[in-house]
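Structure record follows, encoded as structure tokens.
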Amino acid sequence: MERLRIIIGVLIIALAGVMLYLRLSGRPGDALQLRQNSGFSRDMTIIAHRGASHLAPEETIPAYLLARDMGADYLEIDVQRTSDGDLIGLHDDSLERTTNATTVFPGREKEPASEFTTKELLTLDAGSWFNQAYPKRARETYKDLRIIRFSEFLQIAAEGEAKPGIYIETKSPERHPGIEEDIVEALKEEGWLDRKVKVGPAVIFQSFDVNSLRRFKEIAPEVPRVLLISQKMEAEKGWTPLLEEARPLIQAIGPVGYLMWPWNTGKAHRMGLIVHAYTLNSGWQMRLADWFSVDGFFTDRADQALIKFRQAEINSAAILQLHGY
Ligand code: G3P
Ligand code: CA
């Protein structure tokens, strides 16, 4: 019995030691100071990944209205360009997964969205796939939603009481040469480069592509830039060389969740870089991020994140209904 007590005691002490080590490795002190000095949010930043995309079809009007009105700090969007030069929000290269392109444009559904005109894209239903994939979250009003135009996204973010910032990714930018200029021009036209939002910078640029970030730095140096980091990028270059190389270009990194280990996060903090991990959808992942001193995260579950970190009371159905969905 005595032996068992000793073993349990040793295990508890060892576990506490590991927890403390994980906590301190993320450099919580550096994180707080960095957040304050850099103008990023002092609290955990909650970024609605493709809108409130657990509850509504990703990158559509209701997904963004919902994320905005529930109080997400940032609305995230993947920006691409149509063949006639309009900016749209769409994650995948092709239209196959999130629209009915297979029916409307048979044989073209695997083509890049950039091969389609705006008029063609706006004939597509970007909502019914969600109802089929997630029947429990389906809504009649999601049928026949349109792919969102960037101008609509900007308008949603600017309207209402909530005042979220916008977190803009250039998706496959090599397919859309000059898209950075188009984005900056649209932001200037709508006054986004001078706007004040609830917390942190009003606009943040993000990309997996350093060339795209370099271009943003040239044309809108005042807007913070985030290098997204996939497992493949880390495996090819290694964490420290990757950060050192990108450091002159960026204020923050966006590592995939598997890379947000506190020693990685701590290293980024020591280099003066904010850390926003993607894409954390479970409660335990969000808590772990907090324990590791991660500064914010992209999530499809902005509702759950806001309940956890802000004690928010959210009635998603009421928000959707208010906007006619
Ligand atoms: O932008 C953060 C995260 O969205 C990157 O991954 O593939 O969802 O755009 P992805
Ligand atoms: Ca993205």
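Owing to the predicted nature of the structure, the values given are computational and were not obtained by experimental measurement. Counting starts at 1 for both ligands and their atoms, in listed order.
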Q: Just the protein N/O/S atoms under 3.0 Å from the Ca ion (ligand 2), please, no waters.
A: E76 OE2, D78 OD1, E169 OE1
Q) Could E218 and R215 be called an ion pair, given the rule that one side-chain N must be under 4.0 Å from one carboxylate O? A)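 Here E218 pairs with R215 in a salt bridge, since their nearest N and O are under 4.0 Å apart.
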(Q) Salt bridge check, R149 against D86: does any charged N sit closer than 4.0 Å to a carboxylate O? (A) no
Atom [atom1] of residue position [X] - does it have more than 12 heavy atoms of other residues, nucleotides or ligands inside 6.0 Å?
| X | atom1 | answer |
| --- | --- | --- |
| E313 | CD | no |
| K198 | NZ | yes |
| W129 | CH2 | yes |

Q) Is the Lys NZ or Arg CZ of R195 less than 6.0 Å from the centre of W192's six-membered ring, within 45° of the axis? A) yes
Q.
Here's one to test your reading of the geometry: is the NZ or CZ of R139 within 45 degrees of the ring axis of Y325 and under 6.0 Å from its centre?
A. no
Q) CZ of R68 to NE2 of H323: how many Å apart, nearest 0.5 Å? A)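 With rounding to 0.5 Å, CZ (R68) is 5.0 Å from NE2 (H323).
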Q | Shell of residues surrounding ligand 1, defined by a 4.0 angstrom heavy-atom cut-off that is strict | A |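 Those residues closer than 4.0 Å to ligand 1 by some heavy atom are H49, R50, E76, D78, H91, E169, K171, Q206, F208, L228, Y278, F298.
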Q.
Please confirm whether the ring centroid of H276 lies under 6.0 Å from the ring centroid of Y74.
A.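 No, ring centres 6.0 Å or more apart.
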